[in-house]
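Just so it is clear, the structure is predicted and the values come from calculations on it, not from any experiment.
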Amino acid sequence: MSAALSYTEMEEDEVVSRECAMRIGIGFAVMLLCLILFVRSLRGVVVPAIATVGGIASVLGINAWLGVVGDESMVALPMLLGMALSVGYSIHYINSFRMHFRRTGNRRESVICAVEETGWPILFTVITTVASLISFLFAGIRPIRWIGGISAGIVTMVYLYVIILIPVLMSFGKNAKPEPEMVKSAGATKADILFEFFGRKVCRHSIVIAVISAAVMLLQIPGMMRIDVNMDYTETMGEKIPFVVRLKDMLSGKLGSLYDFNVMVEFDDADALKDPANMKRIEQLEQKLGTLQLTKISGDKPRVQSVTRLVKEMNRTLNADSIEYYKIPDAQDMLTQLLFLYEISDPDALFERMDEEYKTTFIHIELSGYDANKIVEDLDSAKRYGAQIFPDAKVSVVGEVVNYAEMNGKLVGGLLRSFGGSFVIIAIMMILAFGSIKAGLIGMIPNVAPVLLIGGVMGYSGMPLDMITMIVMPMILGIAVDDTIHMNNHIKYGFERTGSYRHALLLSYREIGKTMGMTTFILCAMFFVFIFSPMGALHNVGLLSIVGLGAALLADYTLTTALVYLCKPYGKG
């Protein structure tokens, strides 16, 4: 059976490539199907498709031309995000155009009105989404920084394609005679009127909605505190992938091992390892390392190896293979002789474990598995044991698993920096956009709700925070704020026209309530593609994204409007 980390990485690359290609292909098909279902217009289907392909191809092409190396396991997320947002931007514009066109029948006038009505909110949502994605640069983790940059580029390019192509294509065609019923209802359909009716309920029960929302958000905080940070490879990939099952079976056996690390001991003086006292201290440290939580045990023996094993085997061989001599000799000249014999008989084996100056060696520890918290504890214990036994030497812990442990620690800090940076940037932008600190902060409250819910779901369900799932919170914040901006912009615009918060709210529900529902449904449908992935991390991303987007929509339908109605951030009315 083939094993080892390099072989496993090859198998992982094959699975990830296949999964990403499959999810992207299915996601694109879902996008087209949803557009056909909701838009029922050739132009409404063609433009998002062109914007998606053009935006993604342009950014990935530039990325390749610059020689920037990305992470194949993460490329599906920015591509799917580009598809989803191209649909969202398109539908907001198309629905606005249709509402005006049904009322006026004048195509050119409707195009202009749609651009006036949706141009600024869409541009602002692009800016906030890009700002949220750029906040990944604060994470301090190279793959996360790459995905933030590539996603921001794709969102920008998709927007440019949509905002240029849709007005141009929609302007072609004949005018139509206004429908009397549509004129009477200001272009609103029965579905739009239904959303207006829902708005009346929200206005009537705004205090109850605010209290219930606050209670739900507070309930998520204990769950967030229970989130486990774990970079366990087998958990990230998931047991539904055949080679992971085979790998776990191998690891559960006596011989199989995927994770390991080395404790390096370096003396100042050459030939220090020819001193029996130093060699015995190496053996003492071996015994200590064999007691660590994750050290693999075969039979009753820890899988810990060093140069002491070669010395003891040679000593036993030279003494009639007697078990009594399976030890490090006390005399320095005898130890020197054993090392010399090994040097001339099998120098490769000897110098794989120490340097040729006999001053540096390492102890190799194989692990039974990878638990983020336990490995950090074990590495700290290894450093402590080394410092205690070798106060006169330099002791360091090295190996791939050490990098994983360091990455594990960076994940929490990276998430906090990324989310914190995203939150602050978006809050400042919303305050500036709406010309009111109160309005900007009110707009941020409903966007915290889905992030808290995602954290609560992860904590209460035991879903680990890893390299891929940490992307979800800042990403959802960047997407969720889109509908908040559209809703607040319509309310502000409606209030300026009517002078009444109630009328402004009802007008907003009627004009964009359906559109917000459609865009969120399509976003969820596209992320739903991930749920069927056998890869554990992709499955989790799909689930968390749907939970976050659904919660964001519900918060905008209820909490956003309830807070605006209660706090009146745009003046008295």
Side-chain angles (χ1 to χ4, degrees), residues 16-17 20-21 23-25 27-28 31 47-90 92-93 119 121-166 414-415 417-419 421-423 425-426 429 467-468 470-482 485 519 522-523 526-527 530 538 541 545 549:
V16 169
S17 298
C20 287
R23 300 302 147 188
I24 292 169
F28 191 73
M31 179 190 80
V47 171
I50 294 175
T52 298
V53 175
I56 292 172
S58 299
V59 174
L60 293 183
I62 294 171
N63 188 75
W65 184 70
L66 294 175
V68 179
V69 179
D71 192 324
E72 191 177 41
S73 65
M74 296 182 172
V75 73
L77 284 175
M79 293 180 73
L80 205 64
L81 180 63
M83 294 181 200
L85 292 180
S86 71
V87 171
Y89 301 152
S90 300
H92 271 287
Y93 182 85
I122 292 177
L123 174 61
F124 192 59
T125 61
V126 172
I127 294 172
T128 53
T129 301
V130 169
S132 177
L133 294 168
I134 288 177
S135 71
F136 286 177
L137 299 178
F138 304 138
I141 302 172
R142 187 172 180 178
I144 300 299
R145 294 173 65 184
W146 174 81
I147 198 171
I150 208 77
S151 299
I154 288 175
V155 170
T156 303
M157 291 303 296
V158 162
Y159 165 74
L160 292 176
Y161 274 97
V162 168
I163 205 63
I164 292 172
L165 290 178
I166 285 191
L415 174 61
R417 285 193 298 273
S418 178
F419 178 72
S422 177
F423 185 88
I425 291 171
I426 293 175
M429 293 176 68
M467 186 83 73
I468 298 179
M470 78 160 287
I471 300 169
V472 176
M473 288 187 186
M475 183 182 73
I476 292 300
L477 177 61
I479 298 175
V481 76
D482 290 4
I485 291 170
T519 55
I522 295 175
L523 283 167
M526 296 180 71
F527 280 105
F530 281 105
L538 290 184
V541 165
S545 297
L549 291 169

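Every residue meeting the side chain to side chain donor-acceptor pair (under 3.5 Å) condition with S86, not counting sequence neighbours, appears here in chain and number order: T52. Not counting sequence neighbours, S545 has no partner by the side chain to side chain donor-acceptor pair (under 3.5 Å) test. Not counting sequence neighbours, the partners of I24 by the side-chain contact (heavy atoms from CB on, under 4.5 Å) test are A76, M79, M83. Remark: F124 engages W120 in a ring pair (Phe, Tyr, Trp, His ring centres under 6.0 Å) (not counting sequence neighbours). A search for side chain to side chain donor-acceptor pair (under 3.5 Å) contacts involving T125 returns nothing, not counting sequence neighbours. V155 pairs by the side-chain contact (heavy atoms from CB on, under 4.5 Å) definition with L81, L85, Y89, V126, T129, V130, L133, not counting sequence neighbours.
Here the closest non-hydrogen pair linking G54 and Y161 is C-CE1, 3.5 Å.
For residues 148-159, the set of pairs meeting the side chain to side chain donor-acceptor pair (under 3.5 Å) definition, not counting sequence neighbours, is empty.
We find the CD1-CD1 distance between I127 and I122 to be 12.5 Å, quoted to the nearest 0.5 Å. For the atom pair L549 CG and F527 CZ, the distance stands at 6.0 Å (nearest 0.5 Å). In this structure, the separation between OG1 on T128 and CD1 on I485 is 3.5 Å, given to the nearest 0.5 Å.
With contacts defined as side-chain heavy-atom distances shorter than 4.5 Å, the pair L523/V87 does not qualify.
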